[in-house]
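Within every chain, numbering begins at 1; the chains are lettered A, B, ... in the order of the sequence lines, protein sequences first and strands thereafter.
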2 protein chains.
Amino acid sequence: MTESRKRHTLPTIADVAELAGVSRAIASRALSSEPRPVSADKRERVLAAAAKLGFKPNLLARSLTTKTVNLVAVIVNHIHDLSDLDLFDLLISQIQSIGKQVIFVRVGSAERIDEFLRNGIAYHVDAALVFSDFADAQTVRKMFRNDSVLMLNGMRDSSSPAIIPDEQVGIAAAVTDARSKGVRKALLVTGRSASPVEQARIAIYKSELLRHNIVLVAELRGDYSYQSGRHVASSSDWRKADAVFCTSDAMAMGVLDVHRRDFPENMPQSFRLYGFDDVTLAEYEAYPISSIGYDKAVYIDEILKFLREPSLFSAGEKLIQVPTYFVARSSS
Amino acid sequence: MTESRKRHTLPTIADVAELAGVSRAIASRALSSEPRPVSADKRERVLAAAAKLGFKPNLLARSLTTKTVNLVAVIVNHIHDLSDLDLFDLLISQIQSIGKQVIFVRVGSAERIDEFLRNGIAYHVDAALVFSDFADAQTVRKMFRNDSVLMLNGMRDSSSPAIIPDEQVGIAAAVTDARSKGVRKALLVTGRSASPVEQARIAIYKSELLRHNIVLVAELRGDYSYQSGRHVASSSDWRKADAVFCTSDAMAMGVLDVHRRDFPENMPQSFRLYGFDDVTLAEYEAYPISSIGYDKAVYIDEILKFLREPSLFSAGEKLIQVPTYFVARSSS
DNA sequence: CTGTTAGCGCTTTCAC
DNA sequence: GTGAAAGCGCTAACAG
């Protein structure tokens, strides 16, 4: 211990400046990632001093003046679903790649979100990505101090940008597929009807069924989850239809498993099964479910564009559509 | 617009104080969640003023003096796996329930994590939950300004607390199950051997196999993922063994699917299959994989204890063990 | 290019 | 119980 009085507190920029023999301002500039006017030799000294001290800037303090924290909030209802896995890992990775970090906010049943959010740092993020449908665009905007809110939950208004998969094309293809295989009577297994995404989705299914002269025999209500798929599968007069459209792959998986249980021989061939989301797992043998998906990479790319340059979205068009596609598998 | 000069900036505590006709100090105390000396009527006035202005404290500024941000970092390699879904949703929910928020850090392939971390707010969290095995306890501790690091990746040293499932009991039960069913020759499908958790796990399998006189025919290297399970399943001289132990359910699922593909009739009965993690999906018909799991709620409870009172962990014992169990399903 | 001086918004001594 | 004042660590004017 040559320099005995070892402080218990982390080195600040003032320490660096002192050691380098310059003012705090110079130190700040030398350490900045932006190009700032500093003479070469002073920059050199500052950098050396910072390295020697192991100085790391306090980003909290910095954010106080710069008004930016490089933090993005991802607001979700929950992360139960398989389709979430496919999305969030890539999303986080991409957000981090532009130097921002992700704060995950799970709003669950949406009790007093407002208050909750304000008591947490999430309230101060640079941008919020709203997957949860706990609130409409205006409410969400009000909940954050800035307007950098990207609606990904299907809700939108004239002020907030939104990215929404264009489900029309995928659903149309799925129904066309069914019709071409002779389907005349269909069942629709739906998710939480409170969600506007779901309402729109259901409406598209109905209009496409109608257009293809397929009779909607019944509409069964689930909640997107695997469990709810099982539930409706066991409850219903199931034989009436020759096709079942589920608005999530998880529900389709539940349906499939119940039939797998009841008919332990191969796949039930009594009806054609269609899912939604195109989860990775559906690519394999256990759940070969025909499904509707969209390119997650494209979708996330659009999100990243927003995060990089929110201003692009505040002008121009607010609604970005990502096309969906239909994938036929052996379930249909 | 009666009060025309509407500022474009959010109300600060100074505004509240002014409106209430008190000093900033009083306003601060009145607004504090802790009990602080303020006369009843002033507190009243402050609260009213705050409400009227829609004042919300700037938590970033607060953290500058309080040295606490109510933010917890969750450090993961990635969130690809099904077992992650089962864990993280509950974890986030529980952390939020104690008034903290979660910043998710995905370290991926672990390039320059150090630098990356320091450039983000994650560097300033109150505590870090380390699931990723990108670094040992000491390194991780050094990367954060405080010592509130909880190791959940199997790595530990004398200074950092760790919570680790006690895999011995579960694995022993699985191997016992196999032996009781006449298994004599086994295959072991492993994850990334770089991970110390995995090394320990493999060692336990080996000693248990030995103890039960089961010959380890071969050891196949995967990386925990479903894909790697498929890969080893198709590559290998597979018939030598009458049991296959996989160190993750995802790999077992991959193995199962490859065999499902190759033997489209029912489940392959040529060997007994054991997984690890006890993912929710294994409870159902498609992947009825015997597995080893632990109670996620208990595990998370222990994590929460740490977050509530890190000091409890800095004294007392540092290693918390959560018992594992074996679940027999039709795959074995 | 450089250093001084103000703050950012909040909490916290410390006297009164 | 109260308020003035001093910071937390940093960056951003503003003169030199």
- Message: Just the rounded figure in Å: distance from C1' of dG7(C) to CG of L64(B).
- Response: 13 Å

- Message: With a 4.5 Å cut-off on side-chain heavy atoms, are K52(A) and L19(A) touching?
- Response: yes

- Task: Could you tell me the separation between the CD atom of E18(B) and the C1' atom of dG9(C), rounded to a whole number of Å?
- Result: 15 Å

- Mind telling me whether F131(B) and Y299(B) have parallel, tilted or perpendicular rings, with 30° and 60° as the class edges? tilted

- Message: Regarding S39(B) and D41(B), do their side chains bring together a donor and an acceptor under 3.5 Å, going by distance alone?
- Response: yes

- Item | K67(A) side-chain N/O to dC8(C) phosphate OP1/OP2 under 4.0 Å | no

- For atom OH of Y123(A) and atom C1' of dC10(C), their distance in whole Å: 15 Å

- Note on the structure: Students should find that the nucleotides of DNA chain D closing off the region near chain B, any atom under 4.0 angstrom from a heavy atom, are dG1(D) to dG9(D)

- Does the pair D157(A)/K318(A) count as a salt bridge with the N-to-O cut at 4.0 Å? no

- Query: Side-chain contact, heavy-atom cut-off 4.5 Å: I13(B) with F55(B)?
  - Reply: yes

- Query: Given atom CG of N58(A) and atom P of dC8(C), what is their separation to the nearest angstrom?
  - Reply: 18 Å

- Message: With nearest nucleotide decided by heavy atoms, which residue, T65(A) or R36(A), maps closer to the 5′ end of DNA chain C?
- Response: R36(A)

- Heavy-atom distance under 4.5 Å between the side chains of Q96(B) and V105(A), does that happen here? yes

- Message: Just the rounded figure in Å: distance from P of dC10(C) to CD of E34(B).
- Response: 17 Å

- Evaluate whether atom CZ of R156(A) has more than 12 neighbouring non-hydrogen atoms of other residues, nucleotides or ligands under 6.0 angstrom away. no

- Task: Dot-bracket notation for DNA chain D is requested: 5' to 3', Watson-Crick or G-U wobble pairs only, both distances under 3.5 Å, with ( ), [ ], | and . as defined.
- Result: |||||||||||.||||

- Rounded to the Å, how far apart are I13(A) CD1 and dT4(C) C1'? 15 Å

- D89(B)/R106(A) ion pair, N-O < 4.0 Å: yes

- Could you tell me the separation between the CG atom of L31(B) and the P atom of dC10(C), rounded to a whole number of Å? 9 Å

- Message: Within the 3.5 Å criterion, strictly below it, is a donor on D136(A) or T139(A) matched to an acceptor on the partner's side chain?
- Response: yes

- Are the ring centres of F88(B) and F104(B) closer than 6.0 Å? yes

- Round to a whole Å and report the spacing from CD of E44(A) to P of dT2(C). 13 Å

- Message: Using a 4.0 Å cut-off on heavy atoms, which residues in residues 20-29 of chain A reach DNA chain D? List them by number, or say none.
- Response: R24(A), A25(A), S28(A), R29(A)

- Message: For E302(B), I'd like to know if atom CD has over 12 heavy atoms of other residues, nucleotides or ligands within 6.0 Å.
- Response: yes

